[in-house]
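Values below: all heavy atoms of this structure, side chains included; hydrogens, waters and symmetry mates excluded. Letters go in sequence order (proteins before strands), and every chain restarts at 1.
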Protein chains: 2
Amino acid sequence: MLNSRDLAILDILQRDSETPLAEVGARVHLSPSACSRRIAHLREAGYIKRNVAVIDRAKVGLPTTVFVTVSARTHSAAWTEQFRQAVAQIPEVMEVYRLTGSIDYLLRIVLPSVDDYDRVYKALVARIEMNVVCASIVMETVKSAESLPLHHAG
Amino acid sequence: MLNSRDLAILDILQRDSETPLAEVGARVHLSPSACSRRIAHLREAGYIKRNVAVIDRAKVGLPTTVFVTVSARTHSAAWTEQFRQAVAQIPEVMEVYRLTGSIDYLLRIVLPSVDDYDRVYKALVARIEMNVVCASIVMETVKSAESLPLHHAG
DNA sequence: AGTGAAAACGTGCGTAC
DNA sequence: GTACGCACGTTTTCACT
């Protein structure tokens, strides 16, 4: 289980994983060595999965996001599995969610430009029969939090 | 500008920012010290924004995701700015995108449970008048890439 | 069991070649 | 680009509560 101090440590590390233990310790009122042990425990227990570099999408030539809503042709287990494999194979498809309601799936696709969507669309429909309900291009990212609301966790 | 070696380094670091320089060097056929210089440059130039810990959402008590589609009451600059501030103030609202098409905005909301959605919904409508078109609960995360398709970048 | 002080360790960085 | 050495931060040990 997690106490409030563990949550505070996680909150620091999800914003900057390179924060020196001395600073982490100062912020949660703990010694650096104690922080080191806590973090090691949080890793082993799976609360921290790994550390990653956050890359500027626009700067590396991937400024465009397209959201695609899809409904299944059939709801058979075979179709579902084939769909799962299709989206797994296409790296531009970064996230796929199965939703409640009339729309079955939501896909987030990351691309160099809107022109590339056609390529990804064709790659998708070549692998699996599906009804693309709608494709919406992201005009503006109004908010992008990148850190979990840990203070509001259960 | 970025060459293919820089992209390879970014690809390694976006998967695991703790990869030792010796291993990064081995994978891109470069000495550790040369890697160190490249990475420092990638940071200064803003390609790498920062390093963060990836936290297991379910384990910290935030397993639920809700996607909400919103259309604007009016399209005035004042409404837009007020909407921007409203979503900025609510930490559970992690991402907000302005989209093409009839739906104006897409919100990704992260919560302890579906029951908490009512609380966030009320917090939103208390701050800004808007038409919530639809709220869909994520039943299953079919794919979650967490790393950019750098090999397909422009 | 969990803490803090201090010593040992390892990695990354700067200088020299 | 390689080799060395220093410096820093992290990790471990240990005494203690």
Rounded distance (Å) that lies between atom C1' of C:dG10 and atom CD of B:Glu23: 16 Å

Starting at atom CD1 of B:Ile39, determine the distance to atom P of C:dG14, rounded to an integer number of angstrom. 13 Å

With a 4.5 Å heavy-atom cut-off, do A:Asp56 and B:Tyr47 have their side chains touching? no

Pair pattern of DNA chain D in dot-bracket, where unpaired bases get dots and | marks partners in another strand, Watson-Crick or G-U under 3.5 angstrom: |||||||||.|||||||

If you round to the nearest 0.5 Å, how far is OG of A:Ser147 from CG of A:Leu10? 12.0 Å

Check B:Arg50 with A:Glu146, please: is the shortest side-chain N to carboxylate O separation under 4.0 Å? yes

Does one side chain, of B:Thr80 or B:Arg98, offer a donor that lies under 3.5 Å from an acceptor on the other? no

Quick one about A:Gln89 and A:Gln85 (side-chain donor to acceptor, distance below 3.5 Å, no hydrogens or angles considered), yes or no? no

Between C:dC13 (P) and B:His41 (NE2): distance, integer Å: 16 Å

Determine, for nucleotides 2-17 of chain D in 5'-to-3' order, which nucleotides have protein heavy atoms under 4.0 Å from the base (write B), from only the sugar-phosphate (write S), or from neither (write -). B-------SBBB----

side-chain contact (heavy atoms from CB on, under 4.5 Å) with A:Val87: which of A:Ile109, A:Val93, A:Ile128? A:Val93

When rounded to the nearest 0.5 angstrom, what is the spacing between CG in B:Asp16 and CG in B:Asn51? 9.5 Å

OG on A:Ser36 to CG on A:Leu21, rounded to 0.5 Å: 5.5 Å

Nearest-Å distance for atom pair CZ/C1', residues B:Arg5 and D:dG1: 11 Å

